[in-house]
Amino acid sequence: MASRKLGMYTLVLSVLLMSYHGCRFKEKTFNIEIENRKAKGGMEVIQVKQGEMVTLWCTTDETAIIHLHGYNIEHVVKPGKSTVFTFKAYATGRYPITAHSFGEPIPGKPQEETPLVYLEVLPQ
Ligand SMILES: [Cu+2]
């Protein structure tokens, strides 16, 4: 009987933990595939809610520096490898995700910025 009671407590506890986890730590994951210097599927808007944890998996057919404006997160993405951007969407607004000059950077040459996708963080 004791083990059955313990099992019941464990079940209740895990349900509570799952619902707590569900409302406290909302997570959103998106894929950004860059092909021919554009986001595959055309320019789009990624929508999340303030407070959510966001994961962006980024793949490319050409080396580029990808910059999420506003949050100021920047990564070098290279072909054949997924690069991950993770952050908490703390600030609301619309932020461009741009590529800073495709290909290897040329010293002295100013970097061009190509908008790929927009991140939209909606208020809670
Ligand atoms: Cu930029």
Side-chain angles (χ1 to χ4, degrees):
M1 275 301 120
S3 71
R4 194 170 169 179
K5 211 169 183 179
L6 186 66
M8 200 57 201
Y9 280 131
T10 311
L11 180 71
V12 169
L13 189 65
S14 34
V15 168
L16 282 175
L17 279 175
M18 277 192 291
S19 51
Y20 176 76
H21 187 268
C23 64
R24 271 301 301 280
F25 306 102
K26 283 239 166 103
E27 259 186 58
K28 290 251 174 95
T29 302
F30 301 90
N31 292 316
I32 301 171
E33 287 178 66
I34 304 163
E35 224 178 65
N36 301 320
R37 304 190 169 190
K38 276 186 235 142
K40 218 172 148 184
M43 175 87 80
E44 54 182 307
V45 177
I46 290 170
Q47 270 190 346
V48 299
K49 282 214 171 127
Q50 190 180 23
E52 287 179 330
M53 286 304 300
V54 184
T55 303
L56 306 175
W57 286 100
C58 193
T59 56
T60 182
D61 60 353
E62 198 178 348
T63 301
I65 299 164
I66 304 299
H67 180 202
L68 165 58
H69 287 242
Y71 286 82
N72 228 7
I73 304 169
E74 207 177 78
H75 288 299
V76 177
V77 293
K78 288 179 183 277
K81 192 176 163 253
S82 279
T83 303
V84 70
F85 290 69
T86 44
F87 57 94
K88 187 173 182 172
Y90 58 87
T92 57
R94 197 178 158 108
Y95 307 99
I97 299 172
T98 63
H100 287 210
S101 54
F102 280 100
E104 296 300 332
I106 301 162
K109 192 186 174 229
Q111 292 184 330
E112 301 162 24
E113 290 218 46
T114 314
L116 299 165
V117 182
Y118 286 93
L119 171 77
E120 213 168 68
V121 183
L122 305 170
Q124 275 179 321

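Values in this document were obtained by computation on a predicted structure and should not be read as measured data.
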Give the ring-plane orientation class for H67 versus H100, where under 30° counts as parallel, over 60° as perpendicular and anything between as tilted.
-> perpendicular
At their closest point, which heavy atom of [X] faces which heavy atom of [Y], and how far apart are they?
{"X": "E62", "Y": "G103", "value": "OE2-N, 3.7 Å"}
{"X": "K28", "Y": "Q47", "value": "NZ-O, 4.0 Å"}
{"X": "W57", "Y": "S82", "value": "CE3-CB, 3.6 Å"}
{"X": "A89", "Y": "K49", "value": "CB-O, 3.9 Å"}
{"X": "D61", "Y": "E35", "value": "OD2-CA, 3.4 Å"}
{"X": "Y95", "Y": "G70", "value": "CD2-CA, 3.6 Å"}

Trace of the side-chain contact (heavy atoms from CB on, under 4.5 Å) decision for F87 with L68 | CA-CA 11 Å; F87 57 94; L68 165 58; 3.6 Å; yes
Can you tell if the side chain of E74 reaches within under 4.5 Å of the side chain of N72, non-hydrogen atoms only?
-> no
Side chains of F85 and I97: closer than 4.5 Å at any heavy-atom pair?
-> no
Path from L119 to Y90 over hydrophobic side-chain contacts below 4.5 Å = yes
Can you check side-chain contact (heavy atoms from CB on, under 4.5 Å) on R94 and V45, steps first, answer last?
-> CA-CA 9 Å; R94 197 178 158 108; V45 177; 3.8 Å; yes
What's the separation between atom [atom1] in [X] and atom [atom2] in [Y], rounded to the nearest 0.5 Å?
{"X": "E113", "Y": "H69", "atom1": "CD", "atom2": "NE2", "answer": "4.0 Å"}
{"X": "K40", "Y": "I34", "atom1": "NZ", "atom2": "CD1", "answer": "12.0 Å"}
{"X": "E44", "Y": "L116", "atom1": "CD", "atom2": "CG", "answer": "10.5 Å"}
{"X": "K88", "Y": "T86", "atom1": "NZ", "atom2": "OG1", "answer": "13.0 Å"}

In a check of side chain to side chain contact (heavy atoms under 4.5 Å, CB included) between I32 and each of V77, T59, T60, L56, which one passes?
-> L56
Listed partners of K78 passing side-chain contact (heavy atoms from CB on, under 4.5 Å), at least two apart = T63, V76, E104
